[in-house]
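One structure below.
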Protein chains: 2
Amino acid sequence: MNSIKNILRNSSLRPTKQRIMIGKLLFNDTNKHVTAESLYRELKASEQKISLATVYNTLHDFCEKKLLKKVNVDAEKVYFDTNTNPHHHFYSDSEKLLIDISKDKIKIHGLPKAPKGKKIKDVELIAHLSDS
Amino acid sequence: MNSIKNILRNSSLRPTKQRIMIGKLLFNDTNKHVTAESLYRELKASEQKISLATVYNTLHDFCEKKLLKKVNVDAEKVYFDTNTNPHHHFYSDSEKLLIDISKDKIKIHGLPKAPKGKKIKDVELIAHLSDS
DNA sequence: CAACAGATTAGAATTATTCTAAACTGAGAT
DNA sequence: ATCTCAGTTTAGAATAATTCTAATCTGTTG
């Protein structure tokens, strides 16, 4: 509860009511995957008043401060992952569900070096699932 | 020219004027990455008359028939890749540019097995680039 | 507690994509 | 060749996710 405030302060984000509400929902659980919409619905259910624009603003702020990680798997929506450690994902296209795969399990060999003037910022691996 | 018709017929797609136009743009080059919009602009420039809806329809038809591969890297748009062999990508977020990485170069070890009732359909690796 | 930069808000705007319903066109049968 | 019809194309409307706008509000610093 107080720790959310500290998280925000440590990231130089003003601990406003709505950021704290969102922070509670996100950081008291581990490895949560949300979309702006899903979070907005969750907040509404909890009787809180918050606008969708604020949810978007906050998610983006949290991403910039590395409190969240953006995951693009599906063209339809952006997911935000509270697990900011380097890691990968399973994704079930049918259920629109993300599952973390811890990175230390996975070794990638043979990645070519980045084109001149560029460097590899992040490697994202998504294993798409289908019903077997 | 004729080969495009054959490609279409082999995929049981009626070789209509617009599918042939699109096929020419896509399959006479190798490893092209397009979005619906970029292709639409390209078609307009070539004095052809085609609607954006048809571009979308055709790209989706081609995907279903495995003539194209959908790539989701960026929440903003879907890319379509004429390279349908298993392969991976570099992606420059700033330039919105995709570069193929041939799959046989890359070895991935330690991928956990899919959750019960699921199997891994496809593994997609995207190395995000930034300026170095 | 005043003041102001930063945050929130409702609603409009934008962007990518899909849908709709009417008009058109390949291809097989005649 | 022509007819027929399922499969296509089309313009424009509709939808969905996200961003923008401009007015209002609120933490924080002095």
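Just so we're on the same page: letters track the sequence lines, and every chain starts at 1. Just so you know, these numbers come straight off a predicted model, no measurement behind them.
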task = List in chain and number order the residues that pass side chain to side chain contact (heavy atoms under 4.5 Å, CB included) with B/Glu64, two or more places apart in sequence or in another chain; answer none if no residue qualifies.
result = none
query = What pairs of residues pass the salt bridge (charged side-chain N to carboxylate O under 4.0 Å, His left out) test when at least one of them lies in residues 10-23 of chain A, not counting sequence neighbours?
reply = A/Arg19-A/Asp61
Using the 3.5 Å cut-off, write out each protein N or O paired with an N or O of nucleotides 17-21 of chain D and the distance between them.
unit_1: D/dT18; atom_1: OP1; unit_2: A/Val78; atom_2: N; d: 3.0
unit_1: D/dT18; atom_1: OP2; unit_2: A/Tyr56; atom_2: OH; d: 2.6
unit_1: D/dT18; atom_1: O5'; unit_2: A/Tyr56; atom_2: OH; d: 3.2

ask   = side chain to side chain contact (heavy atoms under 4.5 Å, CB included) with B/Thr30: which residues, sequence neighbours excluded?
value = none
key: Results of ring pair (Phe, Tyr, Trp, His ring centres under 6.0 Å) for B/Phe27 - residues two or more places apart only   = B/Phe62
remark   = Contacts of A/His33 meeting ring pair (Phe, Tyr, Trp, His ring centres under 6.0 Å) (sequence neighbours excluded), chain-then-number -> A/His89
query = For B/Ile120, which fellow cluster members are found when Ile, Leu, Val, Met, Phe, Trp and Tyr are connected by side-chain heavy-atom distances below 4.5 angstrom, either directly or through intermediates?
reply = A/Phe90, A/Ile99, A/Ile101, A/Ile106, A/Ile108, A/Leu111, A/Ile120, A/Val123, A/Leu125, A/Leu129, B/Phe90, B/Ile99, B/Ile101, B/Ile106, B/Ile108, B/Leu111, B/Val123, B/Leu125, B/Leu129
Pick out the pairs of N or O atoms, protein on one side and nucleotides 26-30 of chain D on the other, that lie under 3.5 Å.
unit_1: D/dT28; atom_1: OP1; unit_2: A/Arg9; atom_2: NH1; d: 3.1

key: Global bending angle along the helix from C/dC1-D/dG30 to C/dT30-D/dA1, which compares the axes of five pairs at either end, to 10 degrees   = 30°
key: For DNA chain C, the residues among residues 90-99 of chain A that have a non-hydrogen atom under 4.0 Å from it   = none
query = Got a sec? Which of residues 38-46 of chain B come in under 4.0 Å of DNA chain C, heavy atoms?
reply = none
ask   = In chain order, what residues pass the salt bridge (Lys or Arg N to Asp or Glu O under 4.0 Å) check against B/Arg9, with sequence neighbours excluded?
value = none
